[in-house]
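All ligand and atom numbering here is 1-based and tracks the order in the structure. Quick note: numbers below take in every heavy atom, side chains included, and nothing from hydrogens, waters or symmetry partners.
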Amino acid sequence: MWSSRWLFVLAAAGSAVGLGNIWKFPYITGENGGGAFVLIYLACVALIGVPIMMAEVLIGREGRQSPINTMRLMVQQHRASPAWVLIGWMGVLAGFLILSYYTVVAGWALNYIWQMASGRFVDVSGPEAGAIFDTFLASPWQLLFWHTLFMMATIYIVARGVLKGLEAAIRWFMPLLFVLLFVLVGYAVTTDGFAQGFEFMFAFHWEDVTANTVLIALGQAFFTLSLGMGAIMAYGAYVPSNASIAGTVGIIALLDTLVAIGAGLAIFPIVFANGLEPGQGPGLMFVTIPLAFGQMPLGVLFGTVFFVLVSFAAITSAISLSEPALAYLVEEYNAKRARVAVSFGVLSWFLGIGSVLSFNAWADLHFLGERTFFDTVDHISQNVMLPLGGMLIALFAGWVLPRTVVGAQLGLQRAWTNVLWKILCGVLAPLGVLAVFAGSLLG
Ligand code: PFF
């Protein structure tokens, strides 16, 4: 059990705030044209993400086991179809897939601690910053080295148990990350690209919206909140019974959104002030942020600290990616945590080699249309499996779990709150996901 509600907030926020906010959100916003994407994303977080996160926490706290066994228990207790347990299995698979490329990108951040500390970016120009990153990506051995290092660090922490070490990390690093993002946004405000960056992020143009934009925004909402794969359900299993689920989830979603918007507000002005491309893809943060620190007084120090913090944010998320699988294996087979952690990590590391090669040797190898191996694994997990998992979780919490169970978990005392929950979680959230899927299939 978490020793308090706050510890759960920290752990869940640690899972939610990660590369999804700082690296991914700005780059897919750039690739999808800015404002329209951001606003649809915010709507997805509020209308679909928050209810589904509540559903995950409530199911987790009701079952108090790993997601797979929690679903088994729920199915037995409420005489539902055993097919619902698939939610748990799909989550394990999604976590495995995401971890495989997450550690590749987190490895880039690890490398950048070192790059920043050595002063490599002091006073470089936009194109020079881009070239440093491109040279790095072109070397499979370097990427493999950092991918391996990051995976080893993740497995080490996971093997020791989530709470030890993690707590201190989250307690200190999350607030620091906020402060540094604040500094970066402050710097961005002083550049002459701020107005343009702001406009790029928040000006809504209907003509930019396609079914695919909405699918990507929805996938990002799930990814950034760690939803749809049981990570939050697994953490929810340890939430004290008297903590308010709605309040807690609201705080987590708000923190997560603030970090993403802060990252965007830091990055896009720098893009425009330096004549860079907003749609340049996965390298966006690794070019703009070092560039900004390179121009700032004390930039070497701040820049180094920034990438340390990003690495910590990434590791607290990476840990939660493996939790549904490990919790299940430990529970079911009475296995040693360290042993299953190593096996899971090694397999995922191996798959990650495909993502490493996507940026160099396999750059021209395409799957599912124009996608590299990295993009394919990313797309299937983030844009298909997470929304599908989330939709099933919402349907389960909305229609299968009895009202008494949900009401007691959420503290719903009035008739209208019950109705509101039914509408949000049982109808709107699943329909929203379904509509987005249908729209993107029809093109
Ligand atoms: N929410 C994490 C991020 O934004 O970086 C990524 C993530 C972690 C997704 C855990 C899913 C998950 F279960």
*Protein residues having a heavy atom less than 4.0 Å from any atom of ligand 1*: S15, A16, G18, L19, G20, N21, Y102, F223, T224, S226, M229, A231, S317, S320, L321
*Check whether the ring centres of W146 and Y112 lie less than 6.0 Å apart, and answer yes or no.*
no
*With ring centroids as reference points, do F344 and F96 lie under 6.0 angstrom apart?*
yes
*Among residues two or more places apart or on two chains, list those pairs meeting ring-ring contact (aromatic ring centres under 6.0 Å, His included) that have a residue in residues 57-76.*
none
*Do you see a donor-acceptor pair shorter than 3.5 Å between the side chains of T213 and N32?*
no
_If we count only N and O atoms by modelled type, under 3.5 Å, do the side chains of W362 and T372 hold a donor and an acceptor together?_
no
*Over 12 foreign heavy atoms within 6.0 Å of CZ, F350*: no
